[in-house]
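Please read the structure below before turning to the comments.
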Protein chains: 2
Amino acid sequence: MDSKYTIQDIADMAKVSKSTVSRYLNQGYISQEKMDKIKQVIKETGFQSNFFAKRLKMKQSKLIGIILPRMDSVTVGKLLEGVNRILEPEGYQGLILVSDLKKQKEICNISNLQQQGVDGIIIDSLGITRGHLQLLKSFDIPVVFTGQQHTAVHYVKIDDEGAGRIMGAYVRQKGHHHVVFAGVTNMDRAVGIERKQGFIDAFMENHPKAKVDFVKTGFSFESAYASGSEILAFKPTAVVCATDNIGLGVLRYLHEQKIKVPQEISVAGFGGYAVGVVSYPALTTVAFDYELVGMKTAQGLLDLIAGKKMESQSNLPLSFIERESVCGRQRDGVDKDRI
Amino acid sequence: MDSKYTIQDIADMAKVSKSTVSRYLNQGYISQEKMDKIKQVIKETGFQSNFFAKRLKMKQSKLIGIILPRMDSVTVGKLLEGVNRILEPEGYQGLILVSDLKKQKEICNISNLQQQGVDGIIIDSLGITRGHLQLLKSFDIPVVFTGQQHTAVHYVKIDDEGAGRIMGAYVRQKGHHHVVFAGVTNMDRAVGIERKQGFIDAFMENHPKAKVDFVKTGFSFESAYASGSEILAFKPTAVVCATDNIGLGVLRYLHEQKIKVPQEISVAGFGGYAVGVVSYPALTTVAFDYELVGMKTAQGLLDLIAGKKMESQSNLPLSFIERESVCGRQRDGVDKDRI
DNA sequence: CTGTTAGCGCTTTCAC
DNA sequence: GTGAAAGCGCTAACAG
């Protein structure tokens, strides 16, 4: 199978010792003469040093474990792109494990990775449970979370609450009083609680007529679409969706019901995915820069690995993208009747 | 750093020998008594056997290298999802490397992975060059390509040509004579040549009035959008886009130009991404099942690793999704004037 | 500058 | 059944 040369073979062929070859491969500190000879032999043989033997000695794998809730998501892709941008130049590689949206599996993956001897772990978490904390306590390799936050761990995440607030202030300023928040389970703290609460807080503040109804839906376009009638039943003037995906599903439902957006109902989302712009109307949203999140997360982890401190943060810059799906309401009190 | 227990520690604590512990960890063949003792000690210590030492002996890494053109793409996500579905139950893990859309980097990644001692490699390729073939010849670890095909390698891919044909036949049957094919560079054989040629062949066959103009664009929504005016300049009755993404960009351009789709111009794409359904109008497309591609690719690789043969294939099932963006043309010869 | 010598932690004959 | 011993391929003192 593995008809590869070892460092010993190279040494023999170049008529030097193993260590000289090893030195050639690592620090240097050898004569030009032997250096040339070794270089030549290596060229000829196509020698590659054995990864596992090397790692066994080095106590460093140059591997970073990355735990993801799923693979086929735009945000995950962006995140990975950012992580990779930082890891690669430093010679680190990512070992990716998928949790299939299950917290339990996320925990299994952690111990799994730890066993493989990765130098650090990045977790795009579904929720940080007691199980996570306990497991993390039992070993000392650096871990950085994203997606969720918790005081007991390092994390880098978008400012879900702040994003909610921006949207709350905007929708309110547009003159809406009655909105449906199409959100997700509060098992997901970041999206299900922080983002929603930020919205509600900003929307309700000094706003006596304000009313927010909540409809729980899933993360998928399909489940959002399926929640369409339930949302409509509340007769809101606007529906704020916890993610762009949900917004797109709602938009589709409304379109099929021949309800004009934004004239009859306004719709907004969170995420800022490029696809938001192709819908009709284009989706107004708060955009997150997941690539930046990935970069910050990876950088934080690298700092930790290097023995430095890292600051957790949940205040990454947000950008509000006003497109076409939300419009103003001039008069008060008649919103419900307009539907 | 790594204050972990070794097999020796466990042996001492359990008052047995290293080898007994090793046996416990592997085949078995030890007395119940010692077995219990060892099990207990392992529980207490939280011992995890060293991955690298194990791999060094075993000559098997249980690692599969996966080379991807980029991370933030829906198709890549789906593919990975499928690959993972096969690999995981078999105890394999994926080591992912990204080529940033550069063929040269793809090649670097191959040798990189090979050096790490992966058991096999999956390449979602940008194009199989002589460089690839040469490198692959120099070592003997199993490799399966997807995305592109070549007689000298193993591959599993979607039927690009067949997809093109389906679309060609459809557009033609809808009564269109003059279409613009908004495609990509022919450096990408699969999408740039096979898919396009399939379309042209089916569209032109026994179709004297047929005319296909070609506009080259990039893979991104933005670049497709930017090609809008160039496409329009040909005054086609339909524009067939090499990917859904391109279709979405064109749709957006047309929308902003107040050109009605499909009444004035029909638009179609390839891919079948879920997002195609949120555009307005929803995009008619040929859908690929990338998750299935991922599964077949991974299974093929596993077969190769097990010493079995695998059949390359480029005939994975396709499904045509007729949505709203293409409509029929009744009369001949006046198409251009209608614009 | 270079070769010799120990292991890294694990698996695996090979005797007992 | 179990332990002793011999490495897997590499790096890192340690002498020279």
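By convention in this document, chain letters (A, B, ...) are assigned in the order of the sequence lines, proteins followed by strands, and residues within each chain are numbered from 1.
The CG-P distance, from A:Leu25 to D:dA12, rounds to 12 Å in whole Å. In this structure, B:Gln8 atom CD and D:dA5 atom C1' are separated by 12 Å, rounded to whole Å. Atoms NZ (A:Lys54) and C1' (C:dC8) sit 15 Å apart, rounded to a whole Å. Rounded to whole Å, atom C1' of D:dA5 lies 13 Å from atom CZ of B:Arg23. Rounded to whole Å, atom P of C:dT13 lies 9 Å from atom NZ of B:Lys57.
At a cut-off of 3.5 angstrom, the base of C:dT5 holds no donor-acceptor pair with the side chain of A:Ser19. In terms of polar N and O atoms assigned as donor or acceptor, the side chain of A:Ser22 never comes within less than 3.5 Å of the base of D:dA12 in a complementary pairing.
Residue B:Lys18 places no side-chain N or O under 4.0 Å from the OP1 or OP2 atom of D:dA5. Not one side-chain nitrogen or oxygen of B:Lys15 sits closer than 4.0 Å to the OP1 or OP2 atom of D:dT2. Not one side-chain nitrogen or oxygen of A:Thr6 sits closer than 4.0 Å to the OP1 or OP2 atom of D:dG9. An OP1 or OP2 oxygen of D:dT11 is reached within less than 4.0 angstrom by a side-chain nitrogen or oxygen of A:Asn26.
In terms of position along DNA chain D, the nucleotide closest to B:Ser31 lies nearer the 5' end than the nucleotide closest to the other residue of the pair B:Leu56 and B:Ser31.
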